[in-house]
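Single-structure report; data block below.
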Amino acid sequence: MRASRMNLATLREDPADAEIASHRLLMRGGFLHKSGAGLYLYGPLLQRVIDKISRIVVDEISRAGGLQITMPIMQEQALWEKSGRWATYQASRTMLTVRDRAGQTFGLAPTAEEVVTDYASHVITSHKQLPVCFFQQHTKFRDEIRPRFGLMRVKEFIMMDAYSFHASSESLDATYAQMRTAYQRTFKRMGLEAFAVEADSGAIGGSGSHEFMVAAAVGEDTILFNPQSGYAANVERAIGRVAAVGKVSMPATCTAVATPGHGHISEVVAFLNANGYVGITAAHCLKCVLFVAKSATAETTVAAFVRGDREINEVKLTNAITRLLGDAGPVLNLRPMQPDEVRAATGAEPGFAGAGEGLRVKFAIADKLTLAEAGPLVGGANKTDHHLVGFDLARDALPGLQWDELVTIRAGDGDPRSEGVLEEKRGIEVGHIFKLGTKYSEAMKAEFLGPDQKRHPFVMGCYGIGTSRVAAAAVEQHFDADGITWPVTIAPYEVVIVPAGKPGDVAVESAAEALYSELQQAGIDVVIDDRDAKPGVKFKDWDLIGIPFRIVCGRGVAEGKVECKPRGGENADVAMADAGATAIAWVRAQIAQRRAAADAC
RNA sequence: CGGACCGUAGCUCAGCCUGGAUUAGAGCGCUUCCUUGGGGUGGAAGAGGUCGCAAGUUCGAAUCUUGUCGGUCCGACCA
């Protein structure tokens, strides 16, 4: 490709709304154009990156046995009603919808379980056809509340989604493991450091799931891990051991104490310490958070309890309420109560809610990890300006108190698998794999005939990779002060040739052109910068755009030399006759190295 | 959905508070020419904006008021 024909448009300044490196650099390099909020046009350079990522994904998923298909983006409401997810997605307002002229409503695919399950139910009739895995690379839509961070969180994006069908959960387990390996290989080939963590399965549903994370300070997810034991989980899901706290002396019976104007735990603790209850800390308090949970059919009030120095994990709480609701579930929406709702539920101003008398909620749930072994506590009295000291959950709580795991695990908590301690880091979710089980196949009556002459619902798995998000995550892992440093396997071009002589310097130009032909013939993705611009401008541009290998034909040409420089590496003078071979060897070695790393997974 | 803020040239922004002399500006980018030719070179000349939109106040509105549309950030929520 000739740079003069590439419509290059780099920016010197950062766009005002670009906060993170990938957004900033992709905009400055001219990869991206913002078309609307959460809507981006992929420019010619980004298209090449996306194509390369797609090719690797397709290659590895196919290698794991996947069959590529293409499903419609417009999906009939009726199909989604069969699985019951129409209501879920309407409630969370995650799905964009359109209507046709007849007034029929369609969802724009946020994911495709319904469509593929319907497909499988038509084309798979026998257990002999199983297992099978279909996948596609296609546009997805999510009506994000707050699109942000450039390509990271958008309304429309490209995702590889795969769906496997099985006769048994053992078969699903085997494919799940294969897909996990395929994911690791995929990211290795792209030069991304990605790792699998245990995850909550969210609105997709199912029995187990892992997310693939790219470590990045700007990641929106928090991961808890222990490098020694290998445990790693999204904070939404993470379990752990929480250290107990020393007991302090409190009255033997539950005693009401006036705590005028002190609703927050920190205030109550300070007040009590100043009024004769020395040694009480937040960890001796009972934190009560009141919520309203909505399912498709019910609105439920909930009081959640956790030790005073810890936080409620709303994902865990949602799951706990869903379990309690049984057939009336699942919970589609969970929100903290408004002040007037708190007053109605406790008869007191916010800040004085507790687990004892006066609490009027459908469910009261206490955290097992922090409260099951707790001693006497300080809790709200459900009476304005009063707390209870010496409150014993087992003795003084209202009947019907449920126990579940609600606490948010944090760095410093014990690893659930070993004696070690958990650490915390941020990650970008680039992939997710789920064991769905029979959730969709049962709901949609997607069945096959087994060897026992009976009909069985498919056991299913599903697997996603955010193709366009991977491009952004790759930049987050590969940039420096000058710009992007693409891994060669996903770079828009592999090599750039920069003629850096005076205009009309025939020797320089012909040397550059000769190298250009040589590399093209070798199948290298090469660009020659034939623009009429100063060398400095060209260098800046290609560093920003992030081409992995650069050949400069300049003042050395007179002595038969050109310069070869990997992006971020050292400049080397190379004889003109060898430069092409040097570049070709470098590119091929890089690709081979990534390939080998992938095969080792 | 709550809170804060912003819409002026392709991009980054100034001007607005305190309405009139700015004929709406700067830098970057773009066009033409000269210069330069190894890290965003120097110079000259240009093109480019009904100041988001609508209504109002006023002799006069980019500037004040109201509405509206769009956007950004924080929070809530959310795969």
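From a predicted model like this one, the values you see are computed outputs, not experimental measurements. Here is the naming used below: chain letters follow the sequence lines, and residue numbers restart at 1 for every chain.
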| query | What do you reckon, are the aromatic ring centroids of A/F434 and A/Y463 less than 6.0 Å apart? | reply |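 Centroid separation for A/F434 and A/Y463: 6.0 Å or greater.
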| Listed nucleotide nearest any side-chain atom of A/A37, set B/A79, B/U72, B/C74 |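 Comparing B/A79, B/U72, B/C74 against the side chain of A/A37, the answer is B/U72.
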| message | Return whichever of A/E19 or A/N571 has its heavy-atom-nearest nucleotide of RNA chain B closer to the 5' end. | response |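 Its nearest nucleotide being more 5', the pick is A/N571.
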| If you find the nucleotide of RNA chain B closest to A/K155 and the one closest to A/E563, which residue's nucleotide is nearer the 5' end? |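 First, find each residue's nearest nucleotide; the 5'-ward one identifies A/E563.
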If we ignore angles and hydrogens, is there a donor and acceptor under 3.5 Å between the side chains of [X] and [Y]?
{"X": "A/T408", "Y": "A/R310", "result": "no"}
{"X": "A/D480", "Y": "A/T485", "result": "no"}
{"X": "A/T70", "Y": "A/Q136", "result": "no"}

Taking pairing as Watson-Crick or G-U wobble with both contacts under 3.5 Å, can you name the mate of [N], or confirm there isn't one?
{"N": "B/A9", "answer": "none"}
{"N": "B/G29", "answer": "none"}
{"N": "B/G2", "answer": "B/C74"}
{"N": "B/C53", "answer": "B/G67"}

| side chain to side chain donor-acceptor pair (under 3.5 Å) evaluation trace for A/S4 with A/D530 | CA-CA 6 Å; A/S4 61; A/D530 59 338; 2.8 Å; yes
| task | Decide yes or no, distance alone: a donor-acceptor N/O pair under 3.5 angstrom between the base of B/G39 and the side-chain of A/D482. | result |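 Side chain to base: no pair below 3.5 Å.
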| field | base_contact_polar (B/G39 base, A/R550 side chain, donor-acceptor, <3.5 Å) | value |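 When only heavy-atom distances are counted, A/R550 does reach the base of B/G39 through a donor-acceptor pair under 3.5 Å.
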In whole Å, I'd like the distance from the [atom1] atom of [X] to the [atom2] atom of [N].
{"X": "A/I20", "N": "B/U72", "atom1": "CD1", "atom2": "C1'", "value": "15 Å"}
{"X": "A/R148", "N": "B/U72", "atom1": "CZ", "atom2": "P", "value": "11 Å"}
{"X": "A/K502", "N": "B/U36", "atom1": "NZ", "atom2": "P", "value": "8 Å"}
{"X": "A/E220", "N": "B/C73", "atom1": "CD", "atom2": "P", "value": "11 Å"}
{"X": "A/R335", "N": "B/C1", "atom1": "CZ", "atom2": "P", "value": "15 Å"}

Mind checking [X] for me? I need base, sugar-phosphate or nothing, with any heavy atom below 4.0 Å counting as a touch.
{"X": "A/A533", "answer": "base"}
{"X": "A/E144", "answer": "base"}
{"X": "A/P15", "answer": "sugar-phosphate"}
{"X": "A/A16", "answer": "sugar-phosphate"}
{"X": "A/D543", "answer": "base"}
{"X": "A/D221", "answer": "nothing"}
{"X": "A/V552", "answer": "base"}
{"X": "A/E314", "answer": "sugar-phosphate"}

| request: For A/R469 and A/M152, indicate whether the former's side chain and the latter's backbone hold a donor-acceptor pair under 3.5 Å. | output: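 A pair under 3.5 Å: yes.
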| query | Should A/K34 be listed as having a side-chain N or O under 4.0 Å from OP1 or OP2 of B/U72? | reply |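 Yes, because at least one side-chain N or O of A/K34 sits under 4.0 Å from OP1 or OP2 of B/U72.
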